[in-house]
2 protein chains.
Amino acid sequence: MKQGSEEQLNSAFAALADPVRRALIARLSRGPATVNELAEPFPITKQAVSKHIQVLEQSGLITRTREGQRRPCHLDPAALEALTSWIDTHRLTVERQFRRLDTVLDTLKEKES
Amino acid sequence: MKQGSEEQLNSAFAALADPVRRALIARLSRGPATVNELAEPFPITKQAVSKHIQVLEQSGLITRTREGQRRPCHLDPAALEALTSWIDTHRLTVERQFRRLDTVLDTLKEKES
DNA sequence: CAGTTGATCAACCAGTTGGTTGATAATTAA
DNA sequence: TTAATTATCAACCAACTGGTTGATCAACTG
């Protein structure tokens with residue numbers, strides 16, 4: 001599943017854009033679970049949930065292990081961290097810009113008086 | 001643009017899933033810009049960029065002001081914060097789970113000896 | 001006024017997505 | 001071996017997405 005970091009971000013953000021997949025993430029944050037366990041609460045077919053899980057796996061947000069006929073899913077916190085990291089970089093940049101603008105405005109006001 | 005927080009997350013994460021829109025976000029983090037300014041670096045039509053900007057605006061990640069015939073775009077750090085907040089909640093939950101599991105394993109190991 | 005600039009609207013197209021049903025594989029239990 | 005369980009594959013479909021071109025609108029500028 002080697003991917004450029006650009007494609008990682010594409011697929012991971014796309015994965016989080018679906019409410020079913022976010023609910024799966026929320027469930028998995030409380031511990032590993034199988035496809036059947038994950039599918040149970042949803043009003044859609046198990047196949048549809050299986051597809052969602054494949055999307056999450058391809059995005060790197062979850063990993064899967066083999067246990068006989070089960071394929072338990074595990075949430076990967078590092079993948080989540082990569083996303084917050086991208087967002088926070090730009091959020092902090094824009095907040096810094098705002099502070100700089102405030103400073104400039106304060107300076108102008110002082111010159112007036 | 002009143003939306004439920006579920007729909008907010010849907011559209012905001014979907015917005016970030018596109019590399020062009022992420023590049024627009026990155027540009028806007030360094031300060032406001034107009035559609036033409038934003039479109040200039042991309043090898044696609046201005047109309048396509050205009051659509052991307054509308055997606056960003058609808059998702060709440062950016063806001064727009066009027067300045068005569070210009071429509072400058074501004075990045076909204078609070079909208080970004082809402083996303084990191086959602087992600088971090090679940091990332092911290094799963095990390096907590098990991099630590100609990102480690103503790104259980106340590107306890108079992110101790111009982112063996 | 002006419003012309004230019006900034007931005008959007010409208011219609012269209014190819015590719016992707018999220019869902020379905022039905023068949024199939026693989027492992028476990030009787 | 002047969003039957004049940006877990007999960008996936010395959011084909012299909014409606015809806016959405018990201019791009020295009022061409023027309024249009026609104027606001028400056030000569």
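Proteins get letters first, then strands, A, B, ... in listed order; numbering begins at 1 in each.
An OP1 or OP2 oxygen of D:dC28 is reached within less than 4.0 angstrom by no side-chain nitrogen or oxygen of B:Arg66. For B:Arg71 and C:dG6, the shortest distance from a side-chain N or O to OP1 or OP2 is not below 4.0 Å. A sub-4.0 Å separation between OP1 or OP2 of C:dT20 and a side-chain N or O of A:Thr45 is present. Look at B:Arg70 and you won't find any side-chain N or O under 4.0 angstrom from OP1 or OP2 of D:dC28. Taking side-chain N and O atoms only, B:Asn36 has a distance below 4.0 Å to OP1 or OP2 of C:dA7.
Closest approach to the B:Lys51 side chain among D:dA7, C:dT8, D:dG19 is made by D:dG19 (side chain taken as heavy atoms from C-beta onward). Among the nucleotides D:dG19, C:dG18, C:dA7, the one closest to the side chain of B:Ala48 is D:dG19. Distance from the side chain of B:Ser50 is smallest to C:dT8 among D:dG19, C:dT8, C:dG6.
A:His52 has its NE2 atom 9 Å from the C1' atom of C:dT17, to the nearest Å. Here the P atom of nucleotide C:dG18 and the CG atom of A:Leu16 are 12 Å apart, to the nearest Å. When rounded to the nearest whole Å, the span between CD of A:Gln54 and C1' of D:dT6 equals 14 Å. In this structure, CD of B:Glu67 is placed 11 Å from P of D:dC28, rounded to the nearest angstrom. Counting to the nearest Å, the P atom of D:dT20 and the NZ atom of B:Lys46 are 13 Å from each other. Across the protein-nucleic acid pair, B:Ile62 atom CD1 and C:dA7 atom P stand 12 Å apart, rounded to whole Å. For the pair A:Arg64 CZ and D:dT6 P, the computed distance is 14 Å after rounding to whole Å. For the pair B:Leu56 CG and D:dG18 C1', the computed distance is 13 Å after rounding to whole Å.
The base of C:dT5 sits within donor-acceptor range of the side chain of B:Gln69, with an N or O pair under 3.5 Å. Judged by distance alone with a 3.5 Å cut-off, no donor-acceptor contact links the side chain of A:Gln47 to the base of C:dG18.
Judged by closest nucleotide on DNA chain C, B:Glu37 is the one of A:Ala14 and B:Glu37 placed further toward the 5' end.
By the 30° and 60° cut-offs, the orientation of the rings of B:Trp86 relative to B:Phe13 is perpendicular.
Shortest non-hydrogen contact noted between B:Ile87 and A:Leu83 is CD1-CB, 3.9 Å.
Checked for salt-bridge contact, B:Arg99 and B:Glu95 miss the test: no charged N lies under 4.0 Å from a carboxylate O. Residues B:Arg64 and B:Glu57 are paired through a salt bridge, judged by an N-O separation under 4.0 Å between the basic side chain and the carboxylate.
In summary, the side chains of A:Arg70 and A:Asn36 do not present any donor paired with an acceptor at a separation below 3.5 Å, with no hydrogens or angles considered.
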